[in-house]
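Read through the structure below, which is laid out as C-alpha cells, and then see the notes.
All values derive from a computational prediction rather than experimental measurement. Order of appearance sets the numbers: ligands from 1, and atoms from 1 within every ligand.
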Amino acid sequence: DKGNHRHFMEKEIYEQPEVIAHALGHYVNFIQNRVTPLGDGIDFAKVPSLAISACGTAYLAGLIGKYWFERYARLPVEIDVASEFRYREIPLSPQSAALFISQSGETADTLASLRYCKEHGLKIGAVVNARESTIARESDAVFPILAGPEIGVASTKAFTCQLAVLAALAIGAGRARGTVSEEEEQALVHSLAEMPRIMGEVLNSIQPKIEHLSRELSKCRDVLYLGRGTSFPLAMEGALKLKEISYIHAEGYAAGELKHGPIALIDENMPVIVIAPHDRFFDKTVSNMQEVAARGGRIILITDARGAAVSTLDTMHTIVLPEVDEIIAPMIFSLPVQLLAYHTAVFMGTDVDQPRNLAKSVTVE
Ligand code: F6R
C-alpha cells in the first residue's frame, strides 16, 4: 500500500524518520546516551581488523561505515564489492571479523563472500533487513536494520538504516576498544538521537527546491556528483540512484580526484552536484568547486546553513540543509540526494519502482 504517495520509493523516502528512530531504539539507550551492548557474536575489543563486503547501495553504506570504524574504533577496514571480494584471495586473519551488509540477505555474491570468510575462520556479522534470510542464518551475529519491507527496487530507507546501524556499531566498537571516551560516546549518541527529528524537518521543507532542480536535471545527459570524506560514498550513491531510476548517466567522484581526469568533461552542459556539509573538508571541496565554475560547469551545491553563508561562489543552485553533527551528516544529506533522483525520474516518466533490467534481489552471480 503506497498510502497517499505516488510510488513506493516516495513512501519509503518519507518513512525514514520513523524507521530510523525504530532502528536506533534497538542499538542505543537514549536516556543514558550510550550504545547498548553489541552481543557476544563478535568481540570488537579483540579483533585486529574488519572486512566488509556488500553490493550496490549496501556496499556504499559499507564504505561510509569504513570511515567510522577507522575513525572511532581505530579498526582497519578492508572493503570491496562482493563480486570482487569473493575472488581476490584476500589474506585474512582468522582473529578478524567480517561484516556483510544486505537488505535482502540473499544476494549471491555477498553470500559467497561471507562463506569465504567463514572458511577462513573469521567471525561473521550480518547487517540485514530480512532477519530470516540466508545471510542472517549463516552469521555469528545478526544486526537487523529494522527498516520494514522495502518495495521500491531503488534502495532508500534500507540505506539510511544501514548507516544508522553501522554508526552505532562503530561507536560501540570504539567504546569496547577504549578509543571512544564516555563523553564522546554520549555526544555521538545524542547526535544520533536528534536524527529522526531533523530528517522530518528536511523532508518537510526541501520538496519545492528539489522539484525545481529535478526539472533541470531531467534535461541532462550526464551528471557528476562530488564529495569528500563520507560525502564521497554518498556522491557515488547519488549517482547510482539517479542512473538506476532516471537512466541519466551519472558518476560519483572523490572531489580531490576531479583534476585527475573527470574535469575534462566539464562544460556548460554538465551539472555537477557537490555534496559538502560545512565539515573539516569544506574549504577543500569549495576549491574543487571553483575549478568546476572556472570551466563553465553548472553547480548544484548541497550544503548546510553555515556552508551556504561562507561560500562566495555564484553557484547555479544551492540546497541548504540544517547544520548537523558530522556523524549524522551522511544520513541527513541522503535525503536531497534520494529526492533529486526520484523527482528527476518522475519528470522523465520512467517506472520508478520497477526500473528496467533491475531486480530487487539478485540471487544469481
Ligand atoms: C540500488 C540497489 C542495489 C542493492 C544491491 C544489494 O538502489 O538497491 O544496488 O543495494 O543489489 O542488494 P542487497 O542489499 O539486497 O544485498
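Protein residues with a heavy atom closer than 4.0 Å to ligand 1 are C55, G56, T57, A58, S102, Q103, S104, T107, V153, A154, S155, K241, E244, listed by chain and number.
Ion pair R356/D351 not flagged as a salt bridge, since none of the NZ, NE, NH1 or NH2 atoms sits closer than 4.0 Å to an Asp/Glu carboxylate oxygen. Ion pairing between a basic and an acidic side chain is recognised when a charged N comes within 4.0 Å of a carboxylate O; E184 and R175 show no such pairing. Contact check on E326 versus R71 returns a salt bridge, with a Lys/Arg side-chain nitrogen under 4.0 Å from an Asp/Glu carboxylate oxygen.
Every pair passing ring pair (Phe, Tyr, Trp, His ring centres under 6.0 Å) that includes a residue from residues 260-298 is listed here, sequence neighbours excluded: H278-F282. Sequence neighbours left out, not one pair with a member in residues 163-187 passes ring pair (Phe, Tyr, Trp, His ring centres under 6.0 Å).
R88 meets the salt bridge (charged side-chain N to carboxylate O under 4.0 Å, His left out) test with E78, D80; sequence neighbours excluded.
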